[in-house]
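Structure first, commentary second.
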Amino acid sequence: MSELETLERTLLADIDAAGDEGSIEAVRIGALGKKGSISELLKTLGTMTPEERQTRGAQINALKTTVADAITARKSALKDLAIAERLARETVDISLPVRSSPAERGRIHPISQIVDEITAIFGDMGFSIAEGPDIETDYYNFTALNFPEGHPAREMHDTFFFNEDDKGERKVLRTHTSPVQIRTMEAQDPPIRIIIPGKTYRQDSDATHSPMFHQVEGLVVDKSANVANMRWVLEEFCKAFFEVDKVTMRFRPSFFPFTEPSFEVDIQCDRSGPIVKFGEGTDWMEILGCGMVHPNVLRSGGLDPDEYQGFAWGMGLDRIAMLKYGMPDLRDFFNADVRWMNHYGFRPLDMPTLFGGLSA
Ligand code: DAH
C-alpha cells in the first residue's frame with residue numbers, strides 16, 4: 001500500500017472515530033491545518049517535475065478533497081447527533097398528569113373543617129367568633145357560671161387541675177367553652193351574638209372520648225332573647241349543618257348550673273344503615289345542651305338580669321364530626337396519621353360556604 005493510501009486510511013479512520021466537534025476539529029488541524037500532514041504534502045508540489053505533479057500531485061489533491069469532504073460530512077453528522085441527543089434528553093411526557101401544588105395536596109383536618117362550616121352558618125346569621133384561654137381560673141370555669149364552691153356539678157367535669165400557684169390558686173384546663181360567655185359579657189355590651197369554638201379538656205379517654213376535645217358554644221344576649229328564638233336558631237343551624245331540608249328536634253328538660261330553664265336537644269335520625277341519616281327515621285340522638293342564661297351568670301358578666309336576657313348552647317364538635325363524616329374512632333383524630341388525613345381530610349381550597357356548599 002502506498003504511503004498516501006496509508007495516510008488516507010488513517011485519516012478516514014480518525015474522522016470516523018471523532019465523537020464530538022472538538023475531536024473532529026483536532027483531526028482537521030492535524031491534516032489540513034498549516035502544519036497538517038496533507039498541507040505538508042501539498043508544499044512538496046512546487047519541487048516536483050511536471051510529470052510527478054501530474055501523477056503524485058493529482059493523488060495528493062484527491063486525498064485533500066476526500067479528507068476535507070469526509071470532515072464536512074462527519075461534522076454535520078455530529079451536529080445532527082447532538083440535536084437528537086438533546087431532544088431525547090429534554091423530552092417532556094405530556095401525557096403525565098400535572099403534579100398538584102403543595103397547597104392542593106395538603107388536607108384540612110375534619111375538626112377544622114367542622115369549625116369552618118359552623119362559622120360559615122352562624123356568620124351568615126350575624127354571629128361573630130369569640131375566643132378565650134385554654135388555661136382558666138376556677139372562677140371563670142365554675143364560679144362565675146353559677147357552680148357554687150363544693151357544688152356536685154363541679155364533680156361531673158373530671159377536671160384537670162394545675163398545682164397551686166403562689167397565691168394559692170389552682171388553675172384548670174377549661175372543661176368547657178362556657179367561661180368565654182363571662183369573658184365576652186365583661187368585654188362587650190349587648191346585644192351579643194357570638195359563637196365560641198375551642199379546645200376543652202376532661203379526664204376521659206375511650207373510642208368516643210378524648211382528654212382533649214372540642215366544643216362550640218353559642219351565646220345571645222339582648223333585651224328580648226327567648227326560648228322560641230333559641231329553637232329557631234338551633235333548627236336553622238342543624239338543617240344547614242347536616243345539609244338537609246327538614247329536621248325534627250326534641251328539647252328535653254335538663255340541668256346545667258348556668259342556664260334556667262335548661263334543655264338537652266335530640267335530633268331525629270335514622271341509625272339503621274351504616275351511616276346516620278338526619279331529617280328522617282325514628283331514632284333520636286343527643287347533640288347539644290342549651291338554655292336561657294341564668295340570672296346569676298348575667299350578673300357575673302356585669303349585666304342586670306332585669307334588663308337583659310339571653311340564651312346559650314354548647315355542643316361537642318368531635319362527636320358531631322364523627323356523625324357527619326362517618327369516622328368510627330375519635331382517637332384517630334389526634335394520631336397525626338397522613339393516611340387517615342388523606343382519607344378523611346378536606347381539600348384546603350374548598351372553603352365551606354352556604355352558597356357554595358358546606359362539605360361538597
Ligand atoms: N358547658 C356544657 C358542657 O360542657 C354545655 C352547655 C350546656 C353549654 C348548656 C351551654 C348551655 O352554654 O347552655 O357540658
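Each ligand, and each atom within it, is numbered from 1 in the order the structure gives.
Using a 4.0 Å cut-off between charged side-chain N and carboxylate O, Glu307 and Lys223 make a salt bridge. The pair Glu25-Lys75 meets the salt-bridge criterion, with a side-chain N (NZ, NE, NH1 or NH2) lying under 4.0 Å from an Asp/Glu carboxylate O.
Note: Phe251 and Phe263 have perpendicular aromatic rings, judged against thresholds of 30 and 60 degrees for the angle between ring planes. Taking the six-membered ring where the residue is Trp, His151 and Phe255 present parallel rings, their angle staying beneath 30° rather than reaching 60°.
For ligand 1, the polar-atom distance check finds no N/O of Thr175 at less than 3.5 Å from any of the ligand's N/O atoms. When only interatomic distances are considered, the shortest N/O to N/O separation between Gly218 and ligand 1 does not fall below 3.5 Å.
Each of Arg170, Lys199, Arg183 was checked for a salt bridge (Lys or Arg N to Asp or Glu O under 4.0 Å) with Glu136, and the lone residue meeting it is Arg183. Looking at Asn61, Leu4, Leu11 one by one, the single match for side chain to side chain contact (heavy atoms under 4.5 Å, CB included) with Ile38 turns out to be Leu11.
Below 4.0 Å from some heavy atom of Phe256 lie the following atoms of ligand 1, by number and element: 7 (C), 9 (C). Contact atoms of ligand 1 toward Ser178: 1 (N), 8 (C) (distance under 4.0 Å to a heavy atom of the residue). Near Thr259, meaning under 4.0 Å from one of its heavy atoms, ligand 1 places the atoms 13 (O). Remark: ligand 1 atoms within the under-4.0 Å shell around heavy atoms of Gln215 are 3 (C), 4 (O). Listed by number with element, the atoms of ligand 1 under 4.0 angstrom from any heavy atom of Cys290 are 9 (C), 11 (C), 13 (O).
Within the 4.0 Å heavy-atom shell around ligand 1 one finds Arg202. For Gln181, the closest heavy-atom approach to ligand 1 falls below 4.0 Å. Judged by the shortest distance from any of its heavy atoms, Phe311 lies outside the 4.0 Å radius around the atoms of ligand 1.
Side-chain N or O atoms of Arg174 include none that pairs as donor or acceptor with a backbone N or O of Asn141 at under 3.5 Å.
The shortest distance between side-chain heavy atoms of Phe334 and Ser210 falls below 4.5 Å. Using a 4.5 Å heavy-atom cutoff, the side chains of Phe213 and Arg319 are not in contact.
Between Gly316, Gly314, Gly291, Ser262, it is Gly314 that holds the heavy atom closest to atom 6 (C) of ligand 1. For atom 12 (O) of ligand 1, the nearest non-hydrogen atom from the set His176, Arg174, Glu217 comes from Glu217.
Given atom 2 (C) of ligand 1, the protein heavy atom at minimum distance is Phe258 CZ, 3.7 Å.
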